[in-house]
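These notes concern the structure reproduced below.
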There are 2 protein chains.
Amino acid sequence: MAKTSFREQMLRAREDAIVSSVNRLLAEKGFEAMTVDEVAADVGIAKASLYKHFTSKEELAAAAMIRILERALAFTEILAADDQLRPIARLEAVARWTLEVQLAGEMPSLPAQNSTLRNALMANRGYLDRLFEVSDRLGAWITAAQADGEIDRQLPAEVVLYTLFARACDPVLGLLKAGGQHSDAQIIEWLLRTCFRGLVGARA
Amino acid sequence: MAKTSFREQMLRAREDAIVSSVNRLLAEKGFEAMTVDEVAADVGIAKASLYKHFTSKEELAAAAMIRILERALAFTEILAADDQLRPIARLEAVARWTLEVQLAGEMPSLPAQNSTLRNALMANRGYLDRLFEVSDRLGAWITAAQADGEIDRQLPAEVVLYTLFARACDPVLGLLKAGGQHSDAQIIEWLLRTCFRGLVGARA
DNA sequence: GTCTATAGCCAGATAGAC
DNA sequence: GTCTATCTGGCTATAGAC
């Protein structure tokens, strides 16, 4: 098996620090507004050193996207391990998790259409593999929840899946948070409610 | 009254053409990805001529945002004129209208946080006035619909308003449209359904 | 007010010493 | 692998002739 030298550990730690900075800056300002100089300054190294680890700005962002997808995968593992949970409860838990990540300022926003970032991601096997894996897991829970009658059977699973992804970077959270009038917990409850029960609300 | 010379009519027509191009390009690629050269080429005039009409790229975008808000205002006028419509029906009609505009490729996306565009818009009286006017009208319908029990009373009107604004540029529509599997009408029905009734759907 | 040509700037990427 | 210094290209904005 591969020997992990001290040198390599340091390298990993540094790359981890880089990805953390990128992740935060992506969440804060988005891909276009984030500059590589900023990232370097935030990490505390020279810009040229960044390019020894990642060959382009797009690859930097891709690393952050991959990390958040892996965090999502890890969370779904935890949910999957609890066999008491019904599919709808798992979906709600995932949605809640995405909102919490967003509130923590750690959710990089979805790539805009037709950007250089989107092209890079669509050509990045590591990103796509993880995206598909997350989609597969959620997709299975969605169809199961529809079988239970807990998710609208008239909606294609695709629509439900895309909606959950979109809510993970819903600007509504940022707007409410910026207002400063409400607690984080309250905001999350409202957004979960509008996501699953709609603006109309419960009609039990 | 002000005389509208032929010269001035031509000027208005040209500015109108400019704003149309900007609007379409904003919807297609967003503010950062859109270049002034592109706008000029699309309109068919030189870039320097653009700057005789609008003093900056931000002002170009602001003009497009103002136009879409005025279109929204005009649509609310029509709805307000029909006194048979209940508040919830008006809100649904507005939501449907925003989706139709989005499908037509005419909905400029919401300004990202902390961008130069956001700063410019927040300092633009014409934009803010219209934004507030739209918000006021929708706000009145929202509280009325809540009084009717047709919109969730547990949600602050603010949350409902922000959600409607956010759905006007929901990436889900673009994803479904890009898939090419479904008709425009079908996509709109699904998105309206998830917006008002949530992923859980009707439980009548 | 329209054009061509260009200034000025900024950000992504690289050279080359250590 | 890290640094400083620099290259390069693209974009906003403007000068100046007509």
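Below, read A as the first sequence line, B as the second, and so on, with proteins coming before strands; counting in each chain starts at 1.
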Can you measure [X] atom [atom1] to [N] atom [atom2] for me and round it to whole angstrom units?
X: B:Glu32; N: D:dG10; atom1: CD; atom2: P; result: 19 Å
X: A:His53; N: C:dT14; atom1: NE2; atom2: C1'; result: 16 Å
X: A:Arg12; N: D:dG1; atom1: CZ; atom2: P; result: 11 Å
X: B:Asp37; N: C:dC3; atom1: CG; atom2: P; result: 13 Å
X: B:Leu50; N: D:dT14; atom1: CG; atom2: P; result: 13 Å
X: A:Lys57; N: D:dT8; atom1: NZ; atom2: C1'; result: 17 Å
X: B:Lys47; N: C:dT4; atom1: NZ; atom2: P; result: 12 Å
X: A:Phe31; N: C:dA11; atom1: CZ; atom2: C1'; result: 12 Å

Between [options], which one does the side chain of [X] approach most closely?
X: A:Leu11; options: C:dT4, D:dG1, D:dA13; value: D:dG1
X: B:Tyr51; options: D:dT14, C:dT2, C:dT14; value: D:dT14
X: A:Ser49; options: C:dA13, C:dT2, D:dC3; value: D:dC3
X: B:Glu58; options: C:dT2, D:dA13, D:dC3; value: D:dA13
X: B:Ser56; options: D:dA13, D:dC3, C:dG1; value: D:dA13
X: A:Ala48; options: D:dC3, C:dC3, C:dA13; value: D:dC3

Does this structure show an ion pair linking A:Glu32 with A:Lys57, if we count only N-O contacts that are shorter than 4.0 Å?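 No salt bridge links A:Glu32 with A:Lys57.
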So that I can tick it off, tell me whether B:Glu106 and B:Arg24 are bridged by a salt bridge, with the cut-off set at under 4.0 angstrom between side-chain N and carboxylate O.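 Result for this pair is no, no salt bridge flagged.
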Describe the nucleic acid contact of [X] in one word from base, sugar-phosphate, nothing, applying a heavy-atom distance below 4.0 Å.
X: B:Lys52; result: base
X: B:Thr35; result: sugar-phosphate
X: A:Thr55; result: nothing
X: B:Met10; result: nothing

Give a yes/no answer on whether the side chain of B:Arg14 brings an N or O atom under 4.0 Å of OP1 or OP2 in C:dG1.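 No, B:Arg14 has no side-chain N/O under 4.0 Å of OP1/OP2 on C:dG1.
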Donor-acceptor pair, A:Gln102 side chain versus A:Asp170 backbone, under 3.5 Å?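 Confirmed, A:Gln102 side chain pairs with A:Asp170 backbone.
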Ignoring hydrogens and angles, tell me if any N or O in the side chain of A:Arg130 forms a donor-acceptor pair with the backbone of A:Gly126 under 3.5 Å.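 Looks like yes, one N/O pair under 3.5 Å.
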Should we count CZ of B:Arg12 as having more than 12 external heavy atoms under 6.0 Å?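 Atom CZ in B:Arg12 is not packed in, count stays at 12 or less.
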